[in-house]
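Read through the structure below, which is laid out as structure tokens, and then see the notes.
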Amino acid sequence: MKVSLASALGTCFGVEDAINLAMEPQFNNDLTIVGQLVHNKQVNESLKKNGVSLVNGIHELDKIKTRKVMITAHGAADRVKKKLTDAGLVVFDASCPLVMRVHKTIKGMVEKNYFPVVIGQEDHAEVKGIVGDLDEYVVVKDESDLPKLRETGKRKFGIVVQTTQQVENVEALVEKIMEMDCVEEVNFVNTICQPTRDRQIAVLNLTEKADLMIVVGGYNSSNTKKLVHVCEQKNIASHHIESETQLKREWFVNRKHVGITAGTSTPEFVINKVHKAIMVIADELNALEKNQAVSS
Ligand code: SF4
């Protein structure tokens, strides 16, 4: 059994920069992160160990006991940032520049009279941040949401995308929007970020060779789930795990080539532990196979 790591996997620069900022000694137990910095349990646990407090979002403003707060890599609406400063808090902004590019793009579209549309998950922190300063908008998750565009009564739409969406799905959805009879003009900027694209391309390449994929990342991580989806679309057996403790030996029996990938919020140390544990299983299964070949 061969084991390969995807050529691009794990934490992106946006998440790494945010974690590094939160860990800076300057905060000295005086920092609360507003929302999940990354969708990863292990990272959140190590932040807590370092004296960083966490609240789920601006709705938990009254739970913030520190003077300093941090906006996560997912970004936040200007209205949210203002609410925090109005409450007398010092705001540190770890918004990823690629998320901020989406905010800027959609605001520019609104100025040019396009009705704003975001392709993504309405309940995701990034999408909440993107639409948080807009007076009207539509969020489209899949085809079932397309009638919402008709209901706006508008004909010119400006479309951006949550940075972690799946490229093919988004392109197919935009084509469907363009075909709608109520749509006169579409201004589409594909804002899926490069690290997300790189991970999706790498997983596609690996599914050409592997007969089993292990996808590592938080169960609530949007881009990790997209990687699982890519494997499913390619009909490759896959398992989504958060840590090496969930690996099961029987998954690997009679497999020829195992691929490992991980979402943009999965830290290197988690991937390394998974890789190491799979190598142990691979060595054991390969030795077993060799012995059986000798004795037969
Ligand atoms: S996934 Fe993309 S947009 Fe999100 S933090 Fe990482 S680099 Fe930035």
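What you see below is based on every heavy atom in this structure, not just the backbone, and it leaves out hydrogens, waters and symmetry mates. Computed from a predicted structure; not experimentally measured. Counting convention: from 1, in listed order, for ligands and their atoms alike.
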Within this structure, what is the CG-CD1 distance for the pair Asn50 and Ile19, rounded to the nearest 0.5 Å? 11.5 Å

Do Val228 and Leu206 sit in one hydrophobic cluster, given that two such residues count as connected whenever their side-chain heavy atoms are within less than 4.5 Å of each other, even indirectly? yes

Proximal ligand 1 atoms for Thr163, defined as those under 4.0 Å from one of its heavy atoms: 3 (S), 4 (Fe)

If you round to the nearest 0.5 Å, how far is CG of Asp133 from CD1 of Ile106? 11.0 Å

Check the angle between the aromatic planes of Trp251 and His239 and answer parallel, tilted or perpendicular using the 30° and 60° thresholds. parallel

Close-contact set for ligand 1 against Cys12 heavy atoms, below 4.0 Å: 1 (S), 5 (S), 6 (Fe), 7 (S)

If I take atom CG from residue Leu227 and atom CD1 from residue Ile214, how far apart are they, to the nearest 0.5 angstrom? 13.0 Å

With atom 8 (Fe) of ligand 1 as the reference point, say which of Pro195, Gly14, Cys96 has the nearest heavy atom. Cys96

Taking only heavy atoms of Cys193, which atoms of ligand 1 are found under 4.0 Å from at least one of them? 1 (S), 2 (Fe), 3 (S), 7 (S)

Looking at Val99, which atoms of ligand 1 are within less than 4.0 Å of one of its heavy atoms? 3 (S)

